[in-house]
Amino acid sequence: MSKWSSKRIAILAAIIALNVALSYVVHIPIPATSGFVNLVEAGIFIAALSMGPGAGLLVGAFSGALLDLFAGYPQWLLFSFVIHGLEGYIAGLAIKRSGLVQAIALILASIVMIIGYVLAGSFLYNWAAGWASIFGNFGQCLFGAIVALAILPVLKKQLASR
């Protein structure tokens, strides 16, 4: 099977759709930034750690952009596309690693996301709004990493048995 087979593309599309849907079901509003904390990182990290940097990039970029578009935040669409795409790509660099290396990749990916949204919020609104997003984004990354690392072994077992 080629690297980008129709099966792989279908799986990525399903992860993106599930990621966006779950992010609507589980989200916590953040009044300071008019945004919300959701599960988008979990799907990005699952795709990245199981299928590599390209998958992380695609799932991150499209999940982030679609989530903002559907949630009514079109001003964030391009920022989310780039920020979550980079986050997924960096997380995916640890695909063949485990333990500490995988944790470091998730931390680096999370730092990219947090800094990206500080800069984007500062650009769109002001520095105070940009800095106000740090704690919510940190919580979102931490929650996403915990969910992804808990679910990933189960998913790998299920996929291996098929």
Side-chain angles (χ1 to χ4, degrees), residues 3-30 33 35-74 76-98 101-117 120 133-162:
K3 186 175 181 182
W4 289 99
S5 66
S6 56
K7 179 180 177 182
R8 182 180 172 98
I9 293 169
I11 290 170
L12 290 174
I15 292 172
I16 292 167
L18 186 61
N19 208 17
V20 172
L22 282 176
S23 294
Y24 271 111
V25 174
V26 180
H27 68 275
I28 303 162
I30 303 172
T33 61
F36 47 86
V37 173
N38 58 47
L39 278 173
V40 74
E41 263 65 39
I44 294 169
F45 292 154
I46 286 170
L49 294 175
S50 63
M51 300 172 79
L57 179 112
L58 288 174
V59 170
F62 286 104
S63 292
L66 288 171
L67 189 57
D68 285 337
L69 181 66
F70 297 154
Y73 298 106
W76 288 97
L77 193 140
L78 182 59
F79 293 108
S80 292
F81 188 86
V82 172
I83 293 166
H84 285 296
L86 286 173
E87 176 187 28
Y89 184 82
I90 291 169
L93 292 175
I95 186 172
K96 294 186 176 155
R97 309 286 187 194
S98 61
V101 175
Q102 202 173 64
I104 290 170
L106 294 182
I107 290 168
L108 290 175
S110 297
I111 289 170
V112 165
M113 188 275 249
I114 292 166
I115 291 172
Y117 276 110
S133 70
I134 287 178
F135 295 112
N137 286 329
F138 173 77
Q140 182 169 306
C141 288
L142 182 63
F143 185 54
I146 290 168
V147 169
L149 292 173
I151 291 175
L152 199 55
V154 175
L155 286 176
K156 284 185 176 182
K157 273 186 186 177
Q158 287 298 317
L159 292 173
S161 67
R162 297 194 183 259

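These numbers were taken from a predicted model, which means no experiment stands behind them.
Residues Ile83 and Ala120 come closest through the heavy atom pair CD1-CB, 4.3 Å. Counting all heavy atoms, side chain and backbone alike, Ala71 lies closest to Tyr24 at N-OH, 2.6 Å. Here the closest heavy-atom approach between residue Ala94 and residue Ala105 is recorded as CB-CB, 3.4 Å. Contact between Met113 and Cys141 at its shortest, heavy atoms only, is CE-SG, 3.4 Å. Shown here for Phe45 and Ala148, the closest heavy-atom pair between the two residues is CB-CB, 3.7 Å. Considering all non-hydrogen atoms of both residues, Pro153 and Ala150 come closest at CD-O, 3.6 Å.
Rounding to the nearest 0.5 Å gives a distance of 10.0 Å between CG of Leu57 and CD1 of Ile44. Atom CG of Leu39 is separated from atom OG of Ser63 by 11.5 Å, given to the nearest 0.5 angstrom. Note that CG of Leu58 is 9.0 Å distant from CD1 of Ile9, once rounded to the nearest 0.5 Å. We find the CD1-CD distance between Ile114 and Gln140 to be 9.5 Å, quoted to the nearest 0.5 Å. With rounding to the nearest 0.5 angstrom, the OG atom of Ser133 is 13.5 Å from the CZ atom of Phe138. Expressed to the nearest 0.5 Å, how far CD1 of Ile16 lies from CD1 of Ile11 amounts to 12.0 Å.
Side-chain contact between His84 and Leu67 is absent, with no heavy-atom pair separated by less than 4.5 Å. A heavy-atom distance below 4.5 Å is found between the side chains of Leu149 and Gln102. Taking the side chain as every heavy atom from C-beta outward, Ile15 and Met51 approach each other to under 4.5 Å.
A side-chain donor-acceptor contact under 3.5 Å links Ser23 to the backbone of Val40. Remark: the backbone N or O of Ser110 is not paired with any side-chain donor or acceptor of Glu87 at under 3.5 angstrom.
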Step-by-step side chain to side chain contact (heavy atoms under 4.5 Å, CB included) determination, Leu66 to Asn19: CA-CA 10 Å; Leu66 288 171; Asn19 208 17; over 6 Å; no

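Around CZ of Phe62, the count of heavy atoms belonging to other residues, nucleotides or ligands within 6.0 Å does not exceed 12.
Between Trp76 and Tyr117, the ring-plane angle classifies as tilted under the 30° and 60° cut-offs.
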